[in-house]
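To keep things clear, I will list the structure first and then write my remarks on it.
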Amino acid sequence: MTTVSMTVNGKAVSSDVEDRTLLVDFIREQLRLTGTHVGCDTSQCGACVVHVNGTAMKSCTMLAVSANDADITTIEGVANDDLHPMQKAFNDNHGLQCGFCTPGMIMSGIDMVNRYKAEGKKLDETAIRHELEGNICRCTGYHNIVKSISQAAGEM
Amino acid sequence: MHNTTYHKARNAADAASLLSGAEDGTLLAGGQTLIPTMKARLAAPTDLVDVSGASDMRGIIVSGNRVTIGAATTHAEVAGSSEIRAVCPSICDLAANIGDPAVRNRGTIGGSVANNDPAADYPAAMLALGATIQTNTREIAADEFFTGMFDTALDEGEIITGVSFTAPAKGAYAKFPNPASRYAMCGVFVASGDAGTRVAITGAGSDGVFRATDMEAALNSNFSASALDGLSVDAANMLSDIHGDSAYRANLVKVMAKRAVTGAG
């Protein structure tokens, strides 16, 4: 067991975990933040994407102990009083069907918009589709997901 | 995943000492291959020595045409490095197409090179660029480093600390990704400079990354895609699986090599 401390959605947390504990399991089972999903559990689907120190990572492919001292944002932490522009855009454009992949889609969406803005690059439809390679929607609702991210890119 | 004991290394020397003290320890860099392998119980190290924060294994140095990349540098950092892009854009483009964005934020060049997956992208770059693999004890030329599928010249407990290479005058990487996994079905890195042209191929060979010396000879006399027209690739040396049989891959090697040459200009 190792004691890990990190900031999750602005709140300091500390807990004893087995060294093999995955970050996603720590987030879901110890912190009870179940918005971060486990889809494939094999690094393919991206339902578990969270932001670690500001960048998107697959929390099913990272140990909780590796995130010691990190600043983590999960889907529960992106909205203030109002929905985050990315959440609002998914709502506006019906960017989901069953919704299981949506937390990861939103976390990846925010990450790609932030990166493209920082680099001064245009996030067009082709770029969004390329950037979504690590997020799988098994309802295959990609069209409205791309529309949602495109709308949010203009509002963020 | 079987249980394991996690250690965080401050630097390469610290990692070497932690590793030597472990019963059956393994280095953990970005973990984008190792963690899934452990989850599938295909690996069960007693100890993990995390080098992702090792201070002397991080960072990028570009001095003239000489590029040095710390082993714990992520794919995203290589892809986004304006210093590397100024002298060797081909390796930035390669890094920008490994896995997916979240994987690139965590996976490292040292981990990829050490694992020598037969479908990984970086081994082709290292071999074509004639890179030097720096470890905590010595320097190994890429030609001697990659010794077969998932096999390298690294000794037990030896740690890659970085890689360095001279940026070629012309270079390009052309990859045909598996549409599901994004691993290379075939990836060809072509680098051409004062020392001539080198062509390295990943994803296709039955014994991992390899150099196509006949292609190199043809390109040394005429650096153009058409110079490869008359060559044939022996299917006997190609991987064959449900994604593509050996004849398909042999053809793909030539197609992607021509695209790489065209891309290098």
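All chains are named by letter (A, B, ...) in the order of the sequence lines, taking the proteins before the strands, and each is independently numbered beginning at 1. We use all heavy atoms of the structure for the numbers below, so side chains are in, but hydrogens, waters and symmetry mates are not.
- Between the B/R58 side chain and the B/A72 main chain, a donor and an acceptor come within less than 3.5 Å of each other.
- Ring geometry for B/H75 against B/Y122 counts as tilted: the plane angle lies between 30° and 60°, on a 0 to 90° scale.
- Contacts of A/L132 with chain B are absent, with no heavy-atom separation under 4.5 Å from either backbone or side chain.
- Proximity to chain A is absent for every atom of B/L34, based on heavy atoms less than 4.5 angstrom apart.
- Options A/H130, A/M107, A/M1 differ in how many heavy-atom pairs under 4.5 Å they form with chain B, and the most are formed by A/H130.
- The two residues B/C92 and B/I84 make their nearest non-hydrogen contact at SG-CG2, 3.7 Å.
- The most heavy-atom pairs under 4.5 Å with chain B, out of A/G46, A/A56, A/S108, come from A/A56.
- Per-residue counts of heavy-atom pairs under 4.5 Å with chain B were compared for A/N68, A/T21, A/V65; the largest is that of A/V65.
- Defined by atom type and a distance below 3.5 Å, a donor-acceptor pair is missing between the side-chain atoms of B/T161 and B/N136.
- For chain B, the option among A/R115, A/Q44, A/E18, A/M62 with the highest count of heavy-atom pairs below 4.5 Å is A/M62.
- By the 4.0 Å N-to-carboxylate-O rule, B/R249 lies close enough to B/D241 to be salt-bridged with it.
- Residue A/T2: no heavy atom, backbone or side chain, is found under 4.5 Å from chain B.
- Side chains of B/Y6 and B/D50: a donor-acceptor N/O pair is present below 3.5 angstrom, by distance only.
- The part of A/D111 that comes within reach of chain B is its side chain, from C-beta onward, which places non-hydrogen atoms under 4.5 angstrom from that chain.
- Comparing A/T42, A/V49, A/I136, A/D41 by heavy-atom pairs within less than 4.5 Å of chain B, the highest count is held by A/D41.
- A donor atom on one side chain and an acceptor atom on the other are not found under 3.5 Å apart for A/T36 and A/T74.
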